[in-house]
Colleague: 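Sharing a structure here in structure tokens format.
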Amino acid sequence: MNLYEYTASELHEKLVNKEVSATEIAKDTMDRINATEEKVGSFVTITEELAMENAKLVDEKIANGEEISKLAGIPIAVKDNICTNGIKTTCSSKMLMNFVPQYSATVYERVLKSGMTVVGKVNMDEFAMGSSCENSAVKVTRNPRNIDYVPGGSSGGSASSVAAGQATLSLGSDTGGSIRQPAAFTGVIGLKPTYGSVSRYGLVAFASSLDQIGPMGRSVTDVANLYTAICGADKLDATTSKREYPDFATLLNSDVKGLRIGLPKEFFGEGVDAQIKESVMTAIKELEKKGAVLVNVSLPSTDYALSAYYILSSAEASSNLARFDGVKYGFRAENYDGLNDMYEKTRSEGFGDEVKRRIMLGSFVLSSGFYDAHYNKAKLLQQKISAEYAEAFKVCDVLATPTTPTTAFKIGDKVSDPMKMYAGDICTVTINIAGLPALSIPCGNVNGLPVGLQLIGAKFSEQTLLNTAFAYEKIMGTVSAVANL
Ligand code: GLN
């Protein structure tokens with residue numbers, strides 16, 4: 001087995017036992033990146049020098065007999081909307097193509113503090129708007145399980161890098177499914193944490209009330225360890241909760257006896273591919289065999305989920321993206337006639353079509369005369385959606401659903417039809433609207449492409465989600481291995 005194929009916890013063992021050095025791990029991962037990147041296209045920026053420096057520090061610590069963290073020396077890829085001091089952060093947009101932040105996101109500081117080896121910044125849909133990574137102004141990223149297919153989005157590069165063995169772990173961001181959907185499409189595990197558990201400081205905002213950064217990996221323990229490293233209060237983000245968090249991985253428990261798993265009927269309806277439903281139900285039945293109890297529940301407002309999500313997220317995006325005006329950040333058009341013309345040309349040339357679509361939709365739903373009819377209604381729906389989840393969690397501990405209605409689609413299949421693209425987000429968006437945590441774990445294949453089982457919990461119930469996923473992983477032996485490329 002090559003080093004890049006191991007999980008983080010296995011690599012940690014090897015480091016502590018001095019079987020390998022962090023430098024060897026970093027080199028092996030760099031070789032893997034060099035061997036596969038042309039095929040997969042995960043990266044916007046490869047940070048080889050930094051990776052080697054990070055690794056060297058860990059090796060010095062080990063040589064001095066110092067204790068190292070569970071993530072020290074573990075290769076990580078970081079989504080390109082997370083600010084990294086001194087390293088380009090493009091959001092895969094022409095607007096920020098040469099933007100080098102002078103400060104770091106809190107999550108990135110925490111990643112560095114735990115001694116991780118940063119291998120690079122990874123591709124995404126422009127400003128995190130999309131479900132296929134095809135909206136990137138940088139490149140197309142391919143699904144390592146089958147390179148004719150999309151890796152999902154918007155955290156497509158975060159997912160593909162982990163599935164391809166180009167990184168052991170990665171960070172993505174999730175506003176309406178952008179961690180879970182690409183995790184499902186590429187056969188890795190992805191956790192979208194409770195809103196307010198991970199700092200958004202230094203995350204380029206898409207929809208501030210929905211955005212959360214989260215971990216992706218190939219084992220539940222690894223995901224739990226990265227989540228433990230990044231979560232927690234941050235004085236630079238007033239929306240972070242002040243609660244104390246445990247070391248999630250040490251508390252992992254695979255006993256699901258008596259665990260009440262809710263099955264919301266709206267997530268198993270007509271729009272979801274029959275073979276996906278079958279894979280997901282097979283996985284749920286495995287948990288039932290171990291003593292979990294299945295409960296039927298209903299979340300009727302799911303019918304309005306996409307409308308509510310696209311109104312709320314676009315409204316916030318139209319406001320957040322107003323800052324990209326050619327004055328303060330990044331790109332400015334070359335030829336213009338006066339200030340207004342400069343704004344217009346900069347924004348026309350700097351943003352891609354999908355981003356412009358969202359800004360227009362968002363400005364429309366917030367405009368006077370239409371605000372009550374659209375934005376306010378979506379806000380009311382948000383309350384209703386949250387209330388329905390709260391009801392469901394009175395009778396169950398966790399909800400289980402498909403992560404996506406279909407498996408990965410072919411590159412190019414949906415780019416010209418935004419409504420079709422949006423429809424694929426039906427299983428993930430309400431979780432962000434209600435601020436809940438959810439995790440996607442691979443549960444089989446349909447026509448050679450991975451299927452994701454989504455576990456949804458009440459606020460701050462990450463341990464329950466991780467435990468349930470851990471139980472499933474134990475039943476299966478392993479749920480995610482590096483793709484053959
Ligand atoms: N696919 C959804 C969208 O395009 C979700 C994106 C995300 O979670 N960042 O908005």
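One is the number of the first residue; the rest follow in order along the sequence. Counting convention: from 1, in listed order, for ligands and their atoms alike.
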Colleague: Taking non-hydrogen atoms within less than 4.0 Å of ligand 1, which protein residues qualify?
Modeller: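 Residues near ligand 1: Ala128, Met129, Gly130, Ser131, Ser154, Asp174, Thr175, Gly176, Gly177, Ser178, Phe206, Tyr309, Tyr310, Arg358, Asp425.
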Colleague: May I ask you to decide whether Glu109 forms a salt bridge with Lys113, counting only side-chain N to carboxylate O separations under 4.0 Å?
Modeller: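 Between Lys113 and Glu109 there is no salt bridge, as every charged N stays at least 4.0 Å from the carboxylate O atoms.
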Colleague: Would Lys356 and Phe351 count as a cation-pi pair here, with the cationic atom under 6.0 angstrom from the ring centre and within 45° of the axis?
Modeller: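 Output no; distance or angle outside limits.
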Colleague: Side-chain polar contacts of residues 361-370 - donor-acceptor pairs under 3.5 angstrom, sequence neighbours left out - could you list them?
Modeller:
{"unit_1": "Ser363", "atom_1": "OG", "unit_2": "Ile359", "atom_2": "O", "d": "2.7"}
{"unit_1": "Ser367", "atom_1": "OG", "unit_2": "Phe364", "atom_2": "O", "d": "2.6"}

Colleague: Can you say whether the rings of Phe248 and Tyr245 are parallel (under 30°), tilted (30 to 60°) or perpendicular (over 60°)?
Modeller: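 Geometry flag for Tyr245 against Phe248: tilted rings.
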Colleague: Is the cationic atom of Arg243 (NZ for Lys, CZ for Arg) positioned less than 6.0 Å from the six-membered ring centroid of Phe460 and within 45 degrees of its normal?
Modeller: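 The answer is yes; both the distance and angle limits are met.
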Colleague: Take Lys192 and Asp174 through the test salt bridge (Lys or Arg N to Asp or Glu O under 4.0 Å) and record every step on the way to the result.
Modeller: CA-CA 6 Å; Lys192 179 264 167 202; Asp174 190 312; over 6 Å; no
